[in-house]
2 protein chains.
Amino acid sequence: MARDTRERIVRVARDLVHGASMAQVSVEEICAAAGVHKGSLYHFFPSKDALGVAVLDANWALMRALLEEAFGDDVPPLVRIDRFVDGYAGMLALMRERMGATPGCPLGNLAAEVSSRDGEMRTRIVRIMDAWARYFVEAVREARGRGDVGPAVDADEVAVHILAHLQGMATMARAYDRPELAGRARGGVRMLLGLPA
Amino acid sequence: MARDTRERIVRVARDLVHGASMAQVSVEEICAAAGVHKGSLYHFFPSKDALGVAVLDANWALMRALLEEAFGDDVPPLVRIDRFVDGYAGMLALMRERMGATPGCPLGNLAAEVSSRDGEMRTRIVRIMDAWARYFVEAVREARGRGDVGPAVDADEVAVHILAHLQGMATMARAYDRPELAGRARGGVRMLLGLPA
DNA sequence: GCCCTTGTTGACCGTCTGGTCAAGAGCGGC
DNA sequence: GCCGCTCTTGACCAGACGGTCAACAAGGGC
(Lines give C-alpha, C1' and ligand atoms only; values in the text may rest on other atoms or scores of the structure.)
Protein backbone atom coordinates (compact mmCIF):
# COMPACT_ATOMS: atom_id res chain seq x y z
CA MET A 1 0.00 0.00 0.00
CA ALA A 2 3.03 2.19 0.18
CA ARG A 3 3.81 3.69 -3.18
CA ASP A 4 0.28 3.03 -4.28
CA THR A 5 -1.04 5.66 -1.87
CA ARG A 6 1.37 8.29 -3.01
CA GLU A 7 0.53 7.70 -6.62
CA ARG A 8 -3.17 7.76 -5.92
CA ILE A 9 -2.84 11.10 -4.18
CA VAL A 10 -0.95 12.59 -7.09
CA ARG A 11 -3.34 11.19 -9.67
CA VAL A 12 -6.40 12.47 -7.84
CA ALA A 13 -4.77 15.82 -7.19
CA ARG A 14 -3.81 16.13 -10.84
CA ASP A 15 -7.37 15.54 -11.96
CA LEU A 16 -8.89 17.96 -9.48
CA VAL A 17 -6.31 20.65 -10.19
CA HIS A 18 -6.69 20.24 -13.92
CA GLY A 19 -10.41 20.78 -13.55
CA ALA A 20 -9.96 23.89 -11.44
CA SER A 21 -6.67 25.27 -10.14
CA MET A 22 -4.15 24.70 -7.39
CA ALA A 23 -5.66 27.43 -5.26
CA GLN A 24 -9.24 26.31 -5.71
CA VAL A 25 -8.59 22.74 -4.63
CA SER A 26 -7.96 22.27 -0.92
CA VAL A 27 -5.73 19.66 0.65
CA GLU A 28 -8.71 18.14 2.42
CA GLU A 29 -10.60 17.89 -0.85
CA ILE A 30 -7.73 15.97 -2.37
CA CYS A 31 -7.50 13.70 0.65
CA ALA A 32 -11.21 12.96 0.61
CA ALA A 33 -11.12 12.14 -3.10
CA ALA A 34 -8.11 9.90 -2.61
CA GLY A 35 -9.59 8.20 0.46
CA VAL A 36 -6.68 9.23 2.62
CA HIS A 37 -6.19 11.27 5.75
CA LYS A 38 -4.37 14.54 5.79
CA GLY A 39 -1.51 13.33 7.91
CA SER A 40 -0.93 10.62 5.37
CA LEU A 41 -0.60 13.13 2.57
CA TYR A 42 1.86 15.11 4.64
CA HIS A 43 3.82 11.95 5.20
CA PHE A 44 4.65 11.97 1.49
CA PHE A 45 4.72 15.69 0.79
CA PRO A 46 6.21 18.36 3.04
CA SER A 47 3.78 21.00 1.81
CA LYS A 48 0.98 21.69 -0.61
CA ASP A 49 3.49 23.38 -2.89
CA ALA A 50 5.52 20.19 -2.99
CA LEU A 51 2.40 18.32 -4.00
CA GLY A 52 1.93 20.97 -6.64
CA VAL A 53 5.34 20.15 -8.04
CA ALA A 54 4.38 16.48 -8.17
CA VAL A 55 1.17 17.44 -9.97
CA LEU A 56 3.16 19.46 -12.45
CA ASP A 57 5.43 16.49 -13.07
CA ALA A 58 2.41 14.26 -13.52
CA ASN A 59 1.01 16.69 -16.06
CA TRP A 60 4.27 16.70 -17.92
CA ALA A 61 4.36 12.91 -17.88
CA LEU A 62 0.88 12.88 -19.36
CA MET A 63 1.83 15.39 -22.01
CA ARG A 64 5.00 13.52 -22.82
CA ALA A 65 2.97 10.36 -23.28
CA LEU A 66 0.81 12.20 -25.80
CA LEU A 67 3.93 13.51 -27.50
CA GLU A 68 5.62 10.13 -27.67
CA GLU A 69 2.50 8.55 -29.03
CA ALA A 70 2.21 11.16 -31.77
CA PHE A 71 5.91 11.54 -32.56
CA GLY A 72 6.87 7.93 -32.18
CA ASP A 73 6.11 6.25 -35.48
CA ASP A 74 7.86 6.85 -38.74
CA VAL A 75 5.37 9.13 -40.36
CA PRO A 76 6.26 12.46 -41.96
CA PRO A 77 7.06 15.20 -39.42
CA LEU A 78 4.06 17.36 -40.21
CA VAL A 79 1.76 14.41 -39.72
CA ARG A 80 3.32 13.90 -36.30
CA ILE A 81 2.50 17.45 -35.34
CA ASP A 82 -1.05 17.07 -36.60
CA ARG A 83 -1.44 13.88 -34.66
CA PHE A 84 -0.26 15.55 -31.51
CA VAL A 85 -2.70 18.42 -31.91
CA ASP A 86 -5.48 15.87 -32.36
CA GLY A 87 -4.37 13.99 -29.27
CA TYR A 88 -4.17 17.20 -27.31
CA ALA A 89 -7.67 18.23 -28.36
CA GLY A 90 -8.90 14.72 -27.67
CA MET A 91 -7.57 14.92 -24.14
CA LEU A 92 -9.45 18.15 -23.52
CA ALA A 93 -12.65 16.63 -24.92
CA LEU A 94 -12.22 13.55 -22.75
CA MET A 95 -11.63 15.64 -19.64
CA ARG A 96 -14.67 17.68 -20.48
CA GLU A 97 -16.81 14.56 -20.38
CA ARG A 98 -15.21 13.34 -17.20
CA MET A 99 -15.59 16.62 -15.33
CA GLY A 100 -18.40 18.53 -16.98
CA ALA A 101 -16.25 21.47 -17.97
CA THR A 102 -13.48 22.10 -20.45
CA PRO A 103 -10.26 22.23 -18.46
CA GLY A 104 -7.66 24.10 -20.51
CA CYS A 105 -4.03 23.12 -20.89
CA PRO A 106 -2.80 21.25 -17.80
CA LEU A 107 0.64 22.82 -18.11
CA GLY A 108 -0.45 26.24 -19.28
CA ASN A 109 -2.94 26.55 -16.46
CA LEU A 110 -0.32 25.86 -13.85
CA ALA A 111 2.11 28.16 -15.61
CA ALA A 112 -0.39 30.99 -15.57
CA GLU A 113 -1.39 30.39 -11.99
CA VAL A 114 1.90 29.81 -10.35
CA SER A 115 4.52 31.66 -12.32
CA SER A 116 3.86 34.92 -10.50
CA ARG A 117 5.16 33.46 -7.25
CA ASP A 118 8.72 32.38 -7.59
CA GLY A 119 10.09 29.14 -6.27
CA GLU A 120 10.92 25.80 -7.73
CA MET A 121 7.72 25.58 -9.71
CA ARG A 122 8.58 28.38 -12.10
CA THR A 123 11.99 27.15 -13.15
CA ARG A 124 10.54 23.69 -13.55
CA ILE A 125 7.76 24.96 -15.78
CA VAL A 126 10.28 26.75 -17.96
CA ARG A 127 12.29 23.59 -18.36
CA ILE A 128 9.15 21.67 -19.25
CA MET A 129 8.16 24.24 -21.86
CA ASP A 130 11.61 23.99 -23.37
CA ALA A 131 11.41 20.22 -23.53
CA TRP A 132 7.95 20.42 -25.05
CA ALA A 133 9.09 22.90 -27.67
CA ARG A 134 11.97 20.63 -28.61
CA TYR A 135 9.59 18.09 -30.08
CA PHE A 136 8.30 20.74 -32.44
CA VAL A 137 11.75 22.10 -33.22
CA GLU A 138 12.96 18.73 -34.37
CA ALA A 139 9.87 17.97 -36.41
CA VAL A 140 9.98 21.36 -38.10
CA ARG A 141 13.67 20.96 -38.86
CA GLU A 142 13.07 17.61 -40.41
CA ALA A 143 10.15 18.99 -42.39
CA ARG A 144 12.35 21.75 -43.71
CA GLY A 145 14.98 19.24 -44.70
CA ARG A 146 12.37 17.33 -46.69
CA GLY A 147 11.02 20.48 -48.27
CA ASP A 148 7.65 20.10 -46.56
CA VAL A 149 7.91 23.66 -45.31
CA GLY A 150 9.67 26.66 -46.78
CA PRO A 151 13.44 27.01 -46.30
CA ALA A 152 12.98 30.35 -44.52
CA VAL A 153 11.11 28.77 -41.62
CA ASP A 154 12.97 29.28 -38.33
CA ALA A 155 12.34 26.08 -36.40
CA ASP A 156 13.04 27.53 -32.95
CA GLU A 157 10.82 30.49 -33.56
CA VAL A 158 7.97 28.49 -35.03
CA ALA A 159 8.10 26.00 -32.16
CA VAL A 160 7.45 28.75 -29.65
CA HIS A 161 4.58 30.02 -31.76
CA ILE A 162 3.04 26.57 -31.97
CA LEU A 163 3.32 26.09 -28.23
CA ALA A 164 1.77 29.45 -27.51
CA HIS A 165 -0.96 28.79 -30.00
CA LEU A 166 -1.91 25.50 -28.41
CA GLN A 167 -2.05 27.03 -24.98
CA GLY A 168 -4.01 30.01 -26.17
CA MET A 169 -6.55 27.84 -27.93
CA ALA A 170 -6.88 25.71 -24.81
CA THR A 171 -7.51 28.82 -22.74
CA MET A 172 -10.20 29.90 -25.19
CA ALA A 173 -11.68 26.41 -25.14
CA ARG A 174 -11.88 26.61 -21.39
CA ALA A 175 -13.42 30.07 -21.36
CA TYR A 176 -16.01 29.14 -23.97
CA ASP A 177 -16.39 25.62 -22.61
CA ARG A 178 -16.02 24.32 -26.13
CA PRO A 179 -13.28 21.69 -26.36
CA GLU A 180 -13.50 21.53 -30.14
CA LEU A 181 -11.74 24.90 -30.23
CA ALA A 182 -8.53 23.10 -29.36
CA GLY A 183 -8.97 20.91 -32.41
CA ARG A 184 -9.13 23.99 -34.56
CA ALA A 185 -5.58 24.71 -33.50
CA ARG A 186 -4.61 22.32 -36.27
CA GLY A 187 -5.40 24.93 -38.88
CA GLY A 188 -3.58 27.60 -36.90
CA VAL A 189 -0.49 25.44 -36.63
CA ARG A 190 -0.46 24.85 -40.38
CA MET A 191 -0.62 28.59 -40.95
CA LEU A 192 2.23 29.13 -38.52
CA LEU A 193 4.24 26.71 -40.61
CA GLY A 194 3.56 28.79 -43.69
CA LEU A 195 1.27 26.22 -45.24
CA PRO A 196 -2.20 26.72 -46.69
CA ALA A 197 -4.98 25.84 -44.25
CA MET B 1 -14.45 61.40 -1.99
CA ALA B 2 -17.28 59.18 -3.05
CA ARG B 3 -16.68 57.82 -6.51
CA ASP B 4 -13.01 58.51 -6.17
CA THR B 5 -12.67 55.82 -3.51
CA ARG B 6 -14.48 53.24 -5.55
CA GLU B 7 -12.32 53.91 -8.56
CA ARG B 8 -9.16 53.84 -6.51
CA ILE B 9 -10.12 50.44 -5.11
CA VAL B 10 -10.76 49.03 -8.56
CA ARG B 11 -7.58 50.48 -10.00
CA VAL B 12 -5.43 49.15 -7.19
CA ALA B 13 -7.19 45.78 -7.29
CA ARG B 14 -6.69 45.57 -11.04
CA ASP B 15 -2.97 46.15 -10.72
CA LEU B 16 -2.50 43.68 -7.91
CA VAL B 17 -4.60 41.02 -9.61
CA HIS B 18 -2.84 41.52 -12.92
CA GLY B 19 0.46 40.94 -11.17
CA ALA B 20 -0.73 37.78 -9.47
CA SER B 21 -4.27 36.38 -9.55
CA MET B 22 -7.63 36.92 -7.96
CA ALA B 23 -7.07 34.13 -5.47
CA GLN B 24 -3.58 35.23 -4.51
CA VAL B 25 -4.59 38.78 -3.66
CA SER B 26 -6.59 39.14 -0.46
CA VAL B 27 -9.25 41.73 0.21
CA GLU B 28 -7.16 43.18 3.02
CA GLU B 29 -4.18 43.51 0.73
CA ILE B 30 -6.26 45.48 -1.71
CA CYS B 31 -7.63 47.68 1.05
CA ALA B 32 -4.18 48.40 2.44
CA ALA B 33 -2.87 49.32 -1.01
CA ALA B 34 -5.86 51.57 -1.62
CA GLY B 35 -5.66 53.18 1.83
CA VAL B 36 -9.16 52.09 2.69
CA HIS B 37 -10.78 49.96 5.35
CA LYS B 38 -12.46 46.70 4.57
CA GLY B 39 -15.92 47.87 5.49
CA SER B 40 -15.49 50.65 3.01
CA LEU B 41 -14.73 48.24 0.22
CA TYR B 42 -17.77 46.21 1.13
CA HIS B 43 -19.81 49.38 1.01
CA PHE B 44 -19.18 49.47 -2.73
CA PHE B 45 -18.98 45.78 -3.51
CA PRO B 46 -21.20 43.07 -2.06
CA SER B 47 -18.48 40.44 -2.36
CA LYS B 48 -14.97 39.79 -3.57
CA ASP B 49 -16.45 38.20 -6.66
CA ALA B 50 -18.30 41.41 -7.44
CA LEU B 51 -15.02 43.27 -7.14
CA GLY B 52 -13.58 40.66 -9.46
CA VAL B 53 -16.21 41.54 -12.04
CA ALA B 54 -15.28 45.21 -11.71
CA VAL B 55 -11.63 44.27 -12.17
CA LEU B 56 -12.53 42.31 -15.27
CA ASP B 57 -14.40 45.31 -16.63
CA ALA B 58 -11.44 47.54 -15.85
CA ASN B 59 -9.17 45.16 -17.73
CA TRP B 60 -11.49 45.20 -20.68
CA ALA B 61 -11.60 49.00 -20.60
CA LEU B 62 -7.82 49.04 -20.64
CA MET B 63 -7.70 46.59 -23.52
CA ARG B 64 -10.33 48.51 -25.42
CA ALA B 65 -8.30 51.67 -25.01
CA LEU B 66 -5.33 49.86 -26.55
CA LEU B 67 -7.55 48.61 -29.35
CA GLU B 68 -9.08 52.00 -30.08
CA GLU B 69 -5.68 53.59 -30.11
CA ALA B 70 -4.38 51.06 -32.61
CA PHE B 71 -7.50 50.70 -34.73
CA GLY B 72 -8.52 54.33 -34.66
CA ASP B 73 -6.61 56.07 -37.40
CA ASP B 74 -6.99 55.53 -41.11
CA VAL B 75 -4.06 53.29 -41.69
CA PRO B 76 -4.26 49.99 -43.60
CA PRO B 77 -5.94 47.20 -41.61
CA LEU B 78 -2.86 45.04 -41.26
CA VAL B 79 -0.94 47.98 -39.86
CA ARG B 80 -3.67 48.42 -37.29
CA ILE B 81 -3.25 44.85 -36.17
CA ASP B 82 0.51 45.24 -35.97
CA ARG B 83 0.11 48.40 -33.96
CA PHE B 84 -2.15 46.65 -31.53
CA VAL B 85 0.26 43.78 -31.03
CA ASP B 86 2.99 46.33 -30.34
CA GLY B 87 0.78 48.15 -27.86
CA TYR B 88 -0.12 44.89 -26.18
CA ALA B 89 3.51 43.87 -25.86
CA GLY B 90 4.36 47.37 -24.68
CA MET B 91 1.80 47.09 -21.92
CA LEU B 92 3.33 43.84 -20.70
CA ALA B 93 6.80 45.37 -20.75
CA LEU B 94 5.57 48.40 -18.84
CA MET B 95 3.86 46.25 -16.23
CA ARG B 96 6.99 44.21 -15.91
CA GLU B 97 8.91 47.33 -14.92
CA ARG B 98 6.21 48.45 -12.55
CA MET B 99 5.88 45.14 -10.77
CA GLY B 100 9.10 43.28 -11.26
CA ALA B 101 7.53 40.35 -13.08
CA THR B 102 5.90 39.79 -16.44
CA PRO B 103 2.18 39.62 -15.81
CA GLY B 104 0.55 37.83 -18.73
CA CYS B 105 -2.66 38.82 -20.45
CA PRO B 106 -4.99 40.61 -18.01
CA LEU B 107 -8.04 39.07 -19.63
CA GLY B 108 -6.58 35.67 -20.39
CA ASN B 109 -5.33 35.28 -16.83
CA LEU B 110 -8.76 35.94 -15.40
CA ALA B 111 -10.33 33.70 -18.01
CA ALA B 112 -8.03 30.85 -17.10
CA GLU B 113 -8.45 31.36 -13.38
CA VAL B 114 -12.13 31.92 -13.09
CA SER B 115 -13.81 30.12 -15.95
CA SER B 116 -13.87 26.82 -14.09
CA ARG B 117 -16.30 28.23 -11.56
CA ASP B 118 -19.48 29.32 -13.19
CA GLY B 119 -21.26 32.54 -12.42
CA GLU B 120 -21.47 35.94 -14.01
CA MET B 121 -17.76 36.18 -14.61
CA ARG B 122 -17.65 33.44 -17.22
CA THR B 123 -20.39 34.71 -19.46
CA ARG B 124 -18.92 38.16 -19.20
CA ILE B 125 -15.50 36.92 -20.24
CA VAL B 126 -16.99 35.19 -23.25
CA ARG B 127 -18.73 38.39 -24.31
CA ILE B 128 -15.48 40.30 -23.90
CA MET B 129 -13.57 37.79 -25.99
CA ASP B 130 -16.19 38.08 -28.69
CA ALA B 131 -15.97 41.85 -28.67
CA TRP B 132 -12.19 41.67 -28.76
CA ALA B 133 -12.23 39.26 -31.69
CA ARG B 134 -14.57 41.55 -33.60
CA TYR B 135 -11.81 44.13 -34.00
CA PHE B 136 -9.72 41.53 -35.75
CA VAL B 137 -12.60 40.19 -37.80
CA GLU B 138 -13.30 43.61 -39.27
CA ALA B 139 -9.68 44.39 -39.96
CA VAL B 140 -9.12 41.04 -41.65
CA ARG B 141 -12.26 41.46 -43.74
CA GLU B 142 -11.12 44.85 -44.88
CA ALA B 143 -7.67 43.50 -45.64
CA ARG B 144 -9.20 40.78 -47.75
CA GLY B 145 -11.28 43.32 -49.61
CA ARG B 146 -8.12 45.28 -50.42
CA GLY B 147 -6.26 42.15 -51.43
CA ASP B 148 -3.78 42.48 -48.57
CA VAL B 149 -4.47 38.88 -47.59
CA GLY B 150 -5.53 35.93 -49.68
CA PRO B 151 -9.18 35.57 -50.66
CA ALA B 152 -9.44 32.20 -48.93
CA VAL B 153 -8.82 33.71 -45.49
CA ASP B 154 -11.76 33.14 -43.17
CA ALA B 155 -11.92 36.29 -41.06
CA ASP B 156 -13.86 34.76 -38.17
CA GLU B 157 -11.57 31.80 -37.97
CA VAL B 158 -8.39 33.84 -38.19
CA ALA B 159 -9.61 36.26 -35.54
CA VAL B 160 -9.95 33.44 -33.03
CA HIS B 161 -6.48 32.21 -33.91
CA ILE B 162 -4.99 35.66 -33.46
CA LEU B 163 -6.67 36.06 -30.09
CA ALA B 164 -5.50 32.67 -28.91
CA HIS B 165 -2.03 33.37 -30.16
CA LEU B 166 -1.76 36.63 -28.25
CA GLN B 167 -2.92 35.02 -25.07
CA GLY B 168 -0.65 32.06 -25.48
CA MET B 169 2.36 34.26 -26.10
CA ALA B 170 1.46 36.32 -23.03
CA THR B 171 1.28 33.16 -20.95
CA MET B 172 4.70 32.12 -22.23
CA ALA B 173 6.04 35.59 -21.55
CA ARG B 174 4.81 35.31 -17.99
CA ALA B 175 6.24 31.84 -17.46
CA TYR B 176 9.62 32.82 -18.88
CA ASP B 177 9.43 36.31 -17.37
CA ARG B 178 10.43 37.70 -20.76
CA PRO B 179 7.96 40.33 -21.94
CA GLU B 180 9.60 40.59 -25.36
CA LEU B 181 8.02 37.23 -26.18
CA ALA B 182 4.71 39.02 -26.56
CA GLY B 183 6.25 41.28 -29.16
CA ARG B 184 7.23 38.24 -31.17
CA ALA B 185 3.54 37.51 -31.54
CA ARG B 186 3.68 39.97 -34.43
CA GLY B 187 5.41 37.41 -36.61
CA GLY B 188 2.98 34.71 -35.53
CA VAL B 189 0.02 36.88 -36.40
CA ARG B 190 1.41 37.54 -39.87
CA MET B 191 1.79 33.82 -40.41
CA LEU B 192 -1.78 33.23 -39.25
CA LEU B 193 -2.86 35.71 -41.91
CA GLY B 194 -1.04 33.68 -44.53
CA LEU B 195 1.68 36.28 -45.05
CA PRO B 196 5.44 35.83 -45.11
CA ALA B 197 7.04 36.62 -41.77
C1' DG C 1 9.10 -13.23 18.90
C1' DC C 2 11.21 -8.93 18.63
C1' DC C 3 12.41 -4.63 16.50
C1' DC C 4 12.57 -1.06 13.35
C1' DT C 5 11.04 1.19 9.48
C1' DT C 6 7.33 2.83 6.80
C1' DG C 7 2.75 4.21 6.59
C1' DT C 8 -1.73 5.63 8.84
C1' DT C 9 -4.89 7.77 11.90
C1' DG C 10 -7.66 11.55 13.72
C1' DA C 11 -7.68 15.02 16.76
C1' DC C 12 -5.66 19.40 17.14
C1' DC C 13 -3.69 24.31 16.18
C1' DG C 14 -2.74 29.01 14.66
C1' DT C 15 -3.63 31.88 11.05
C1' DC C 16 -5.70 34.00 7.38
C1' DT C 17 -9.79 34.73 4.85
C1' DG C 18 -14.09 36.78 3.17
C1' DG C 19 -17.60 39.06 5.24
C1' DT C 20 -20.54 41.73 9.03
C1' DC C 21 -22.03 45.40 11.83
C1' DA C 22 -23.13 49.13 14.89
C1' DA C 23 -21.49 53.50 15.50
C1' DG C 24 -19.89 57.59 13.83
C1' DA C 25 -18.08 61.50 10.13
C1' DG C 26 -19.03 64.62 6.62
C1' DC C 27 -21.93 67.12 4.00
C1' DG C 28 -25.65 69.01 1.09
C1' DG C 29 -30.56 70.39 1.26
C1' DC C 30 -34.13 72.70 3.70
C1' DG D 1 -29.58 74.05 13.16
C1' DC D 2 -31.40 69.93 12.05
C1' DC D 3 -32.14 66.07 9.13
C1' DG D 4 -30.94 62.31 6.15
C1' DC D 5 -27.98 60.31 3.07
C1' DT D 6 -23.57 58.54 1.69
C1' DC D 7 -19.37 57.12 3.16
C1' DT D 8 -15.96 55.52 6.71
C1' DT D 9 -14.28 53.29 10.71
C1' DG D 10 -12.45 49.43 13.36
C1' DA D 11 -13.58 45.84 15.97
C1' DC D 12 -15.52 41.51 15.33
C1' DC D 13 -16.97 36.69 13.53
C1' DA D 14 -17.32 32.01 11.77
C1' DG D 15 -15.26 29.06 8.92
C1' DA D 16 -11.78 27.20 6.02
C1' DC D 17 -7.26 26.51 5.32
C1' DG D 18 -2.43 24.50 5.50
C1' DG D 19 0.08 22.14 8.61
C1' DT D 20 1.41 19.30 13.11
C1' DC D 21 1.70 15.60 16.23
C1' DA D 22 1.71 11.65 19.26
C1' DA D 23 0.00 7.37 19.04
C1' DC D 24 -0.85 3.42 16.61
C1' DA D 25 -0.82 -0.50 12.62
C1' DA D 26 1.77 -3.49 9.44
C1' DG D 27 5.09 -6.21 8.03
C1' DG D 28 9.57 -7.67 6.70
C1' DG D 29 14.47 -8.87 8.41
C1' DC D 30 17.03 -11.15 11.82
Side-chain angles (χ1 to χ4, degrees), chain A residues 1-58 109-110 113-114 116-122, chain B residues 1-58 109-110 113-122 124:
Chain A
M1 240 201 189
R3 275 294 133 113
D4 175 52
T5 302
R6 192 198 147 96
E7 278 165 22
R8 198 169 64 250
I9 292 172
V10 173
R11 198 177 54 242
V12 160
R14 200 219 70 85
D15 279 1
L16 290 175
V17 169
H18 191 192
S21 73
M22 209 61 206
Q24 272 169 60
V25 178
S26 73
V27 171
E28 280 193 344
E29 220 173 323
I30 293 167
C31 289
V36 161
H37 288 258
K38 225 186 330 188
S40 202
L41 187 150
Y42 279 96
H43 172 71
F44 293 105
F45 303 97
S47 68
K48 193 191 185 185
D49 277 355
L51 174 60
V53 170
V55 165
L56 175 62
D57 287 344
N109 284 353
L110 277 178
E113 181 184 2
V114 145
S116 67
R117 311 174 345 207
D118 27 22
E120 188 184 352
M121 204 94 154
R122 251 209 42 204
Chain B
M1 242 203 189
R3 275 294 131 116
D4 175 53
T5 300
R6 191 198 148 96
E7 277 164 24
R8 198 169 64 250
I9 291 173
V10 172
R11 198 177 53 242
V12 161
R14 200 218 70 84
D15 279 359
L16 290 175
V17 168
H18 191 193
S21 72
M22 208 62 205
Q24 273 169 59
V25 179
S26 73
V27 171
E28 280 195 343
E29 221 173 320
I30 293 167
C31 289
V36 160
H37 286 258
K38 222 179 344 182
S40 201
L41 187 151
Y42 279 97
H43 172 72
F44 293 105
F45 303 97
S47 67
K48 194 191 185 185
D49 276 355
L51 173 60
V53 170
V55 165
L56 176 61
D57 287 344
N109 283 354
L110 276 178
E113 181 183 3
V114 146
S115 59
S116 67
R117 310 176 344 210
D118 27 23
E120 188 183 352
M121 204 94 153
R122 251 210 43 206
R124 203 174 275 240

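Keep in mind that what you see is a predicted model, and the values were worked out from it rather than measured. In the text below, chain A, chain B and the rest are named by the order of the sequence lines, each starting its count at 1.
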Value for CG (Leu16(B)) from CE (Met22(B)), rounded to nearest 0.5 Å, stands at 10.0 Å
Can a side chain N or O of His43(A) be found less than 4.0 Å away from OP1 or OP2 on dT8(C)?
no
Starting at atom CG of Leu41(A), determine the distance to atom P of dC21(D), rounded to an integer number of angstrom.
16 Å
Of Glu28(A) and Met22(B), the one whose nearest nucleotide on DNA chain C sits closer to the 5' end is Glu28(A)
Residue mapping more 5' on DNA chain D - nearest nucleotide basis, Ser40(A) or Ala23(A)
Ala23(A)
Just how far, in rounded Å, is C1' of dC17(D) from CD1 of Ile30(A)?
12 Å
From the list Ile30(A), Val27(A), Val17(A), Leu56(A), side-chain contact (heavy atoms from CB on, under 4.5 Å) partner of Leu51(A) resolves to Ile30(A)
Which comes earlier along DNA chain D counting from the 5' end, the contact point of Asp49(A) or that of Val36(B), where each point is its nearest nucleotide?
Val36(B)
From the set dC7(D), dT8(C), dT9(D), return the single nucleotide nearest to any side-chain atom of His37(B).
dT9(D)
Taking the side chain as every heavy atom from C-beta outward, state whether Val10(B) and Phe44(B) have any atom pair closer than 4.5 Å.
no
What's the CG-C1' distance between Leu16(B) and dT17(C), to the nearest Å?
16 Å
Select one nucleotide: of dT8(C), dG19(D), dG18(C), the one nearest the side-chain heavy atoms of Lys38(A).
dG19(D)
State which of dG7(C), dT6(D), dG19(D) makes the closest approach to the side chain of Tyr42(A).
dG19(D)
note: Gln24(A), atom CD; dA16(D), atom P; distance rounded to Å ~ 16 Å
Report yes if a side-chain nitrogen or oxygen of Thr5(B) is closer than 4.0 Å to either non-bridging phosphate oxygen (OP1 or OP2) of dT8(D); otherwise report no.
yes
Are the side chain of Gln24(B) and the backbone N or O of Glu113(A) linked by a donor-acceptor pair below 3.5 Å?
yes
Categorize Ser26(A) for me: base, sugar-phosphate, or nothing, with a 4.0 angstrom heavy-atom threshold over every strand shown.
sugar-phosphate
Arg6(B) CZ to dT6(D) P: how many Å, rounded?
15 Å
Rounded to the nearest angstrom, tell me the gap between atom CZ in Phe45(B) and atom P in dC7(D).
12 Å
Report the distance from atom CD of Glu29(B) to atom P of dT17(C), rounded to the nearest whole Å.
7 Å
If you measure from the Lys or Arg side-chain nitrogens to the Asp or Glu carboxylate oxygens, is any gap between Asp15(B) and Arg11(B) under 4.0 Å?
no
Classify the side chain of Lys48(B) and the base of dG19(C) as holding, or not holding, a donor-acceptor pair under 3.5 Å.
no
